[in-house]
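The block underneath contains the structure these notes are about, expressed in structure tokens.
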Amino acid sequence: MIILNSIKQITHKNILHYCCFLIALTLASCEKTKTIDNSNLVAIELETLEAKIISESGIQFIGNISSLNKEEILDMGFMLYDLSKDPQNPIEISMGKDAAKVGKVAYTYKAKTSFVVGQTYGFSFYIKTKKTFYKGERITFAVDLIHINEDNIRYAKIGQKATIKGDFAQLNGSYLVSFGAESNETATFEIGQNKSELSFIVPARNKNHGDSLEIYLLHKKENGLNQYRRKLLTVGLLGSVNKPASNTFYYTDALPISGLGIENAVEGSLKVLMNGKSIDYRSGLAFADFGPFKGNTIKWAIDYGNEVVEFEDAIQFKAPSLSHLKFEPNGYHSTGIIIIHDFDFYKYYGTVLPEIRVGTHKITNARFGGQSLIFDLKGISEGQYPLEFISPMYSVKSDMMIVLKKFALNPLPRKEVYHLDQMTLTGAFIPGQGYVLSIGQSSEIFEAKSATEIDIKIPRIPAGDYKLKLEDAPEQDIKILDPQFTDVSPKTVSVGQNITITGKGLNDVDMVFLNNYAFFPSHINGETIQIPIPYTVLPGKYKLMLRFNYNNKDFATNQYIEIL
């Protein structure tokens with residue numbers, strides 16, 4: 001039965017086709033005649049054209065109908081797809097069957113909620129007939145009406161509120177501000193009443209002055225995945241320098257700069273202006289780096305890169321005081337030096353000493369280290385003078401006076417001497433002060449016992465002609481003589497008795513020998529030596545010899561002592 005029905009259908013189709021062929025052949029033989037068989041349906045032709053964005057929730061969809069047929073139209077309109085959700089379940093936007101006409105078709109659609117920025121939507125034009133459903137190609141679109149003004153902010157302060165100007169009507173509470181293309185660091189924002197300003201707090205953590213910060217809008221889809229980021233703009237970050245707690249500092253103190261984003265500021269992005277100089281801020285930058293100054297009250301400012309902000313209060317440098325300095329009460333010679341202790345020159349003057357004056361005399365050879373200053377007094381005459389430090393910042397003067405006294409050395413009391421001879425030099429001295437005495441290669445300090453006398457001792461150096469020099473006094477000639485032996489008595493002595501040796505330059509005798517017997521003197525001066533003869537010495541006749549400390553020199557006398 002099934003096979004028979006199929007044969008009947010095929011036969012019927014062939015007969016129909018054959019009849020159509022005959023009709024067409026007959027019409028073709030007639031001139032200027034055209035007949036359309038309305039029963040031979042042609043598909044409706046339509047296409048999806050474009051979506052015009054009107055507002056954050058308004059879209060004008062445009063399609064085109066190229067041709068219609070005799071099918072009964074039930075409806076026409078557009079399909080709207082949310083491609084982030086279920087693209088197989090679109091919203092059907094009906095225009096009704098009466099709108100179906102050949103030509104362009106436009107329909108303005110107002111959504112109940114704003115389209116999501118960055119989300120992809122699709123739409124297609126359709127016609128539904130009683131017989132079938134026609135649909136054009138699906139076209140995608142996105143609605144992003146956010147506009148950033150061209151004259152927008154270029155800088156934002158760390159930890160403070162920043163405001164972007166533009167059109168933000170499309171935004172709602174499902175968005176966040178994100179800092180970076182892939183950063184998880186986000187912040188909520190506020191939209192102004194006229195929706196022309198977007199405000200947020202710039203984060204402070206790990207943000208430094210001079211860094212760049214990319215600001216994005218972040219939206220997470222309802223399924224929690226596929227975050228959408230839309231870059232708004234890039235700004236330069238600005239730190240904030242705190243107002244100093246104090247405005248009084250030493251010249252060499254570090255600048256009192258602290259604040260948000262300052263500690264690790266990008267090199268060269270933050271500058272300090274002071275004393276006509278602009279220096280890149282760095283850790284440890286000191287006031288002295290901007291010196292020298294004229295005066296000790298200084299205005300200063302911070303150049304953030306976008307603006308210069310001057311501090312309201314000026315810096316006041318602490319001026320030194322010399323009231324605590326104490327000088328030698330007995331005075332100084334112009335041949336001497338002064339050492340000033342307990343004064344920290346560095347914190348007041350840095351590495352450059354001020355002009356130093358004793359009275360009106362300018363000191364040119366001063367040097368300092370730590371908290372001590374050293375200079376000599378050459379060229380200054382007798383008198384009393386204040387010590388003064390003069391600089392463009394401040395000039396200070398000592399309360400106590402420096403007393404300068406005359407120094408002089410009179411002619412030597414004698415020109416020929418022996419080793420270890422005592423001699424008193426006369427002249428003009430300062431009691432208790434030490435003076436350097438030089439004879440040949442020997443130098444020794446002797447203290448003045450009064451304002452007119454210094455006791456000295458002739459050094460152990462080879463005999464000969466020398467120059468004696470005391471400090472800066474003119475040199476004087478002096479001759480050191482070899483020691484001399486004169487006599488010994490008695491020449492016959494019993495054990496237990498003393499013998500006395502006489503001569504000159506005997507101060508340096510170390511031991512006295514009688515042959516192999518060695519004796520230490522019991523009394524000695526430059527001209528006499530006494531030694532006792534102990535009971536251990538055997539009777540006999542012994543040759544006398546002297547041994548001196550200097551080079552262990554032996555001096556044979558060719559004198560004999562007889563011990564009974």
So does [X] pair up with [Y], basic N to acidic O under 4.0 Å?
| X | Y | result |
| --- | --- | --- |
| Arg547 | Asp508 | no |
| Glu328 | Lys405 | no |
| Glu214 | Lys231 | yes |
| Lys457 | Asp421 | no |
| Asp313 | Lys243 | yes |

Just to verify, what does Tyr332 make a ring-ring contact (aromatic ring centres under 6.0 Å, His included) with, not counting sequence neighbours?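 ring-ring contact (aromatic ring centres under 6.0 Å, His included) list for Tyr332, sorted by chain: empty.
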Pairing residues for Phe389 by the ring-ring contact (aromatic ring centres under 6.0 Å, His included) criterion, not counting sequence neighbours: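 For Phe389, the residues satisfying ring-ring contact (aromatic ring centres under 6.0 Å, His included) (neighbours in sequence not counted) are Phe343, Phe345.
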State, yes or no, whether a side-chain contact exists between [X] and [Y] at a heavy-atom distance under 4.5 Å.
| X | Y | answer |
| --- | --- | --- |
| Leu255 | Met274 | yes |
| Phe290 | Leu285 | yes |
| Met423 | Ile478 | yes |
| Ile563 | Thr492 | no |
| Leu404 | Leu377 | yes |
| Tyr394 | Phe293 | no |
| Leu409 | Leu425 | yes |

Lys553 atom NZ: more than 12 heavy-atom contacts under 6.0 Å: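 Atom NZ in Lys553 is not crowded, with 12 or fewer foreign heavy atoms closer than 6.0 Å.
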Around atom OH of Tyr560, are there more than 12 heavy atoms of other residues, nucleotides or ligands at under 6.0 Å?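 It does not: Tyr560 OH has 12 such atoms or fewer within range.
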Taking only residues at least two apart or on different chains, which pairs with a member in residues 427-456 satisfy ring pair (Phe, Tyr, Trp, His ring centres under 6.0 Å)?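 Qualifying pairs: His333-Tyr435, Phe407-Tyr435, Phe429-Tyr435.
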Show me the side-chain donor-acceptor pairs of residues 497-504 shorter than 3.5 Å, one per line, residues at least two apart or across chains.
unit_1: Gln497; atom_1: OE1; unit_2: Ser494; atom_2: N; d: 3.0
unit_1: Thr502; atom_1: OG1; unit_2: Asp487; atom_2: N; d: 3.3
unit_1: Thr502; atom_1: OG1; unit_2: Asp487; atom_2: O; d: 3.2

Just distance, no hydrogens or angles: give the donor-acceptor pairs under 3.5 Å from side chains in residues 411-419, sequence neighbours left out.
unit_1: Arg414; atom_1: NH2; unit_2: Gln422; atom_2: O; d: 3.1
unit_1: Tyr418; atom_1: OH; unit_2: Gln484; atom_2: NE2; d: 3.1
unit_1: His419; atom_1: NE2; unit_2: Ile461; atom_2: O; d: 2.3

Under the salt bridge (charged side-chain N to carboxylate O under 4.0 Å, His left out) rule, what pairs show up with a residue in residues 426-447, not counting sequence neighbours?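 Listed once each, the pairs would be none.
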With ring-ring contact (aromatic ring centres under 6.0 Å, His included) as the criterion, how do Tyr250 and Tyr348 come out once you've worked through the C-alpha distance, each side chain's angles and the decisive distance to 0.1 Å? CA-CA 6 Å; Tyr250 291 108; Tyr348 293 108; 5.4 Å; yes
Is it the case that the side chain of Asn515 and the backbone of Lys543 share a donor-acceptor pair, with hydrogens and angles ignored and the cut-off at 3.5 Å?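 Here the side-chain-to-backbone pair exists.
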Closest heavy-atom contact between Ile158 and Pro203?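 Answer, listing the atom of Ile158 first, then Pro203: CG2-O, 3.6 Å.
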